[in-house]
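One structure below.
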Amino acid sequence: MARVLSGIQPSGDLHLGNYLGAIRNWVTDQDSHDAFYCVVDLHALTLDIDPEVLRSRTRDTAIDLLAAGLDPARCTLFVQSHVTEHTQMAWLLECVATMGELGRMTQFKEKSEGKDSIRVGLFTYPVLQAADIVLYDAERVPVGDDQRQHLELAREVANRFNHRFGDHLVVPEASVPPMGARVMDLQHPERKMSKSVNSPLGTVLVLDDPAEIVKKVKKAVTDNENEVRYDPETKPGLSNLLELLAVATGRTPTDVAGSYERYGDLKKDTADALVELLAPLQARRLELAGDPGEVARLLAQGAEKARKVASATYQRAARAVGLLAPE
Ligand code: TYM
């Protein structure tokens, strides 16, 4: 079975974009792939985060992933910092990556804009991400649209490493779903839904209760026309709703658009479909939260499985670049 790997930052509550763009597909990939998924706590250190908050969010994110349907019997779920090879591999790749290519990363540019003091970790962030991927010989990386550029960089760096030291790393490919890859903020449909932007009404959290979901969808920004048409360029808000209802019900946005004449009806059905889509996850979340010991045990097991694969790859790469093996 082909390998997949993906990761999520524990930097905030899981939202609909994370779920539709990535996690839902991670769940499906468990049966067709040898799947590795990690909560990337080291990546979360690149922005300000309180130590206690980071610890509890790391746990909570793992619980959310289990609730979403990741099954440790069918995939390897672990916390990034529990496998020390991630930072070791990142160093090897930092010695291959260039300042120029990292400086071109849009996420770096956005997150560092206007700051007079920029952390080195924020700059080298995509190299750590490349290390996450190559350590597991992952061929496919299921992610949302916003990760395409980081995946291109990972490919570039892996290719350069292989060119210089021999064919030791698998060159990964991004796997972006045809729909749900770019869920937009309901209040600002010109920008993506995001954990790091404070837009409570525009962000549907996977743990929002039904009343909250209904409220947020009802207040979603659309346009001044009254024609239901899928056209992300000129009607971003409405098209986002059409896409959400389409993904939730397995239809296409254009097909969904054909079934509605009034914005209000579309909003009502979209909210109902999202409530229904998230209900099983929310129910499982409650069960799991009641058993923290079990979650810790599952993560320890995941880390052990991950370490076996990661340490073999790291050793291979370390020897290839000329590091002397300890006796
Ligand atoms: P993160 O934590 O920002 O997001 C996790 C996943 O959710 C997707 N996503 C979205 N998809 C659709 N619409 C949205 N509005 C939306 N917002 C987020 C992201 O594309 C992602 O797939 N750098 C990564 C984490 C990472 C990683 C990795 C990913 C670290 N190492 C190795 C893959 C492989 C990130 O910050 O994702």
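For ligands, and for the atoms within them, numbers begin at 1 and follow the listed sequence.
Ligand 1 lies less than 4.0 angstrom from a heavy atom belonging to His15. Heavy atoms of Gln80 stay at 4.0 angstrom or farther from ligand 1. Residue contacts with ligand 1 leave out Ser194, since none of its heavy atoms falls under 4.0 Å from the ligand. Residue contact annotation: Ala138 has no non-hydrogen atom under 4.0 Å from ligand 1.
Proximity annotation for atom 15 (N) of ligand 1: of Asn25, Val183, Ile8, Val183 comes nearest, heavy atoms only. Comparing heavy-atom distances from atom 8 (C) of ligand 1 across Asp145, Leu16, Asn18 singles out Asn18 as nearest.
At a heavy-atom cutoff of 4.0 Å, ligand 1 is contacted by the backbone of Arg182 but not by its side chain. Counting heavy atoms closer than 4.0 Å to ligand 1, residue Ala181 contributes backbone atoms (N, CA, C, O) but none from C-beta onward. Residue-level proximity to ligand 1 for Ile133 is carried by the side chain, the only part with a heavy atom below 4.0 angstrom.
No hydrogens or angles considered: nothing links the side chains of Thr61 and Asp64 as a donor-acceptor pair under 3.5 Å.
Protein heavy atom at the shortest distance from atom 27 (C) of ligand 1 is Gln129 NE2, 3.5 Å.
Checked by distance only, ligand 1 and Val141 stay at 3.5 Å or farther apart across all their nitrogen or oxygen atoms.
Less than 4.0 angstrom separates some heavy atom of Gly144 from each of these atoms of ligand 1: 11 (N), 19 (C), 20 (O), 22 (O). Distances below 4.0 Å separate heavy atoms of Asp146 from the following atoms of ligand 1: 18 (C), 19 (C), 20 (O). Near Lys195, the atoms of ligand 1 lying under 4.0 angstrom from a non-hydrogen atom of the residue are 1 (P), 2 (O).
Between Tyr136 and Phe78, the angle of the ring planes lies from 30° to 60°, which puts this pair in the tilted group.
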